[in-house]
Amino acid sequence: MADSGATSLAGLAEIADIGRDRKRGGYSRHLFDDADRELREWFVERATRIGLGVERDRNGNLWAWWGAPGPNALVTGSHLDSVPGGGAFDGPLGVVSALDAVERLVRGGVRPDRPVAVVVFAEEEGSRFGFACLGSKLVAGQLSPERARGLTDASGRTLAEVAAGAGLDLAHLGRDDEALGRIGLFVELHVEQGRGLIHRDAPVGLAASILGHGRWRLTFHGQGNHAGATLMSDRRDPMVAASALVAGIPGVAAAYPGSRATVGRVTATPGGVNVIASSVDVMLDARAECDDTTRALVAAIGELAEQCAADQGCTAELVEESWTGGVRFDTGVSTALSGALGGVPALASGAGHDAGVLAASVPTAMLFVRNPTGISHAPEEFAEAADCAAGVDALEAVLRSQLGGER
Ligand code: GLV
Ligand code: MN
Ligand code: MN
């Protein structure tokens with residue numbers, strides 16, 4: 001493995017002021033907003049400085065090519081967008097580490113015998129349009145262009161409108177066999193979003209699997225009314241029903257060992273302090289090792305929602321907004337990469353990734369970098385400089401192991 005030189009923390013420092021969220025803390029970087037545009041410009045500039053040629057594909061993903069784009073490419077990278085008030089590492093660590101690792105190969109005089117690319121996938125978090133891994137799912141044909149075009153953001157703007165404003169040709173959104181067909185191997189480096197590497201006392205590991213996961217909208221419908229003039233006994237208040245559901249979810253999830261169920265957002269309509277809501281949307285994120293378990297968990301939560309609604313004279317409606325089945329990474333690929341690293345731990349990931357989407361179509365692997373607290377999707381997300389450097393070393397070693405033509 002090569003010596004640690006520049007670490008990816010230098011790259012993170014370059015983008016540290018882009019998309020800071022003064023209200024929530026951390027970063028809010030969402031598809032085609034000002035921060036995302038600035039990050040994309042930074043990526044193009046940084047990749048160009050290394051000598052890579054950057055192109056944007058028809059789904060808004062960026063590809064920085066070392067050599068002419070072509071088949072059997074060795075591709076690495078991740079995403080630059082964040083959850084609302086997210087950390088600095090989830091996504092960007094994989095992009096800056098990929099640029100560092102490729103830069104070392106370029107500067108080290110390697111003559112690659114296959115194309116190499118650094119990719120930035122669009123809207124991995126689904127924080128603007130509510131659909132996780134939007135860019136990679138479009139490329140892989142796991143999201144139809146019709147459905148994508150109609151997705152809306154919090155202000156009601158459609159993806160079609162926003163993407164057209166960013167210069168994408170809407171007629172060409174969707175499955176991209178050319179982009180997919182070029183990938184010989186995709187390796188995504190990511191900060192770990194759990195505590196597996198702490199327990200294994202290792203700075204770097206490989207992914208073995210990803211939990212199946214999805215997002216559901218539970219809408220409670222009641223009667224909007226006046227907060228002062230309506231007696232407590234006369235109300236059909238969907239917020240009370242929604243609260244009872246949220247409070248009951250941990251108890252439901254406990255019946256499905258290893259499952260996770262989260263409500264991270266509740267939205268009341270119309271949302272006035274002195275107004276009994278007419279409806280309340282409860283956004284549910286549910287995950288489990290086995291997809292049947294996730295489905296059963298969501299069905300049980302749906303039943304509880306109906307009961308909570310009926311108790312308040314309300315109704316409840318359950319709609320699936322996105323779904324990604326569980327992933328087992330190709331053990332042949334992971335074993336080869338682990339060998340190139342002298343043996344590293346294999347981890348199950350509770351978090352979703354673009355690599356999980358691509359794994360259904362092309363050989364794929366993931367490297368994780370230790371997170372000393374396990375905290376992620378929060379401003380406190382962190383990785384030590386030495387571990388980030390170990391991550392770049394590992395990615396460089398993995399890329400070298402897949403390339404011929406060294407000088
Ligand atoms: C993305 O990080 C997810 O797991 O939702
Ligand atoms: Mn994330
Ligand atoms: Mn991520």
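As the structure lists them, so they are numbered: ligands from 1, and atoms in each ligand from 1. Sequential numbering from 1 along the given sequence is applied to the chain's residues.
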Inset, instruction - Using distance alone, determine whether His213 and ligand 1 share an N or O pair under 3.5 Å. - result: no

Legend entry - Backbone or side-chain N or O of Arg287 under 3.5 Å from ligand 1 N or O: yes

Legend entry - Subset of ligand 1 atoms that lie under 4.0 Å from at least one heavy atom of Ala351: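 Within the 4.0 Å cut-off of Ala351, ligand 1 contributes 4 (O).
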
Inset, instruction - Kindly report the NE2-the Mn ion (ligand 3)-NE2 angle for His79 and His190 respectively, rounded to 10°. - result: 120°

Inset, instruction - Indicate if the distance from the Mn ion (ligand 3) to the nearest N, O or S atom of His353 falls below 2.8 Å. - result: no

Legend entry - Passing option when Arg29 is tested against Asp34, Leu39, Asp36, Asp21 for side-chain contact (heavy atoms from CB on, under 4.5 Å):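 Output: one option passes, namely Leu39.
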
Inset, instruction - Can you measure from CG (Leu218) to CD1 (Ile301) and round to the nearest 0.5 angstrom? - result: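 Interatomic distance, Leu218 CG to Ile301 CD1, rounded to 0.5 Å: 8.0 Å.
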
Would you say the side chains of [X] and [Y] form a donor-acceptor pair under 3.5 Å?
{"X": "His79", "Y": "Asp90", "result": "yes"}
{"X": "Glu381", "Y": "Asn371", "result": "no"}
{"X": "Lys137", "Y": "Thr324", "result": "yes"}

Inset, instruction - Taking the six-membered ring of Trp323 (Phe, Tyr or Trp), confirm whether the NZ or CZ of Arg295 is under 6.0 Å from its centre and within 45° of its axis. - result: yes

Inset, instruction - Could you tell me if the ring centre of His353 sits under 6.0 Å from that of Phe368? - result: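 Ring centres of Phe368 and His353 closer than 6.0 Å.
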
Name the closest protein heavy atom to [atom], giving the residue it belongs to and the distance to 0.1 Å.
{"atom": "atom 1 (C) of ligand 1", "value": "Glu125 OE1, 3.2 Å"}
{"atom": "atom 2 (O) of ligand 1", "value": "His377 NE2, 3.0 Å"}
{"atom": "atom 4 (O) of ligand 1", "value": "Gly352 N, 2.7 Å"}

Inset, instruction - Report the angle formed at the Mn ion (ligand 2) by atom NE2 of His377 and atom OE1 of Glu125, rounding to the nearest 10°. - result: 90°

Legend entry - Asp90 backbone or side-chain N/O/S under 2.8 Å from the Mn ion (ligand 2): yes

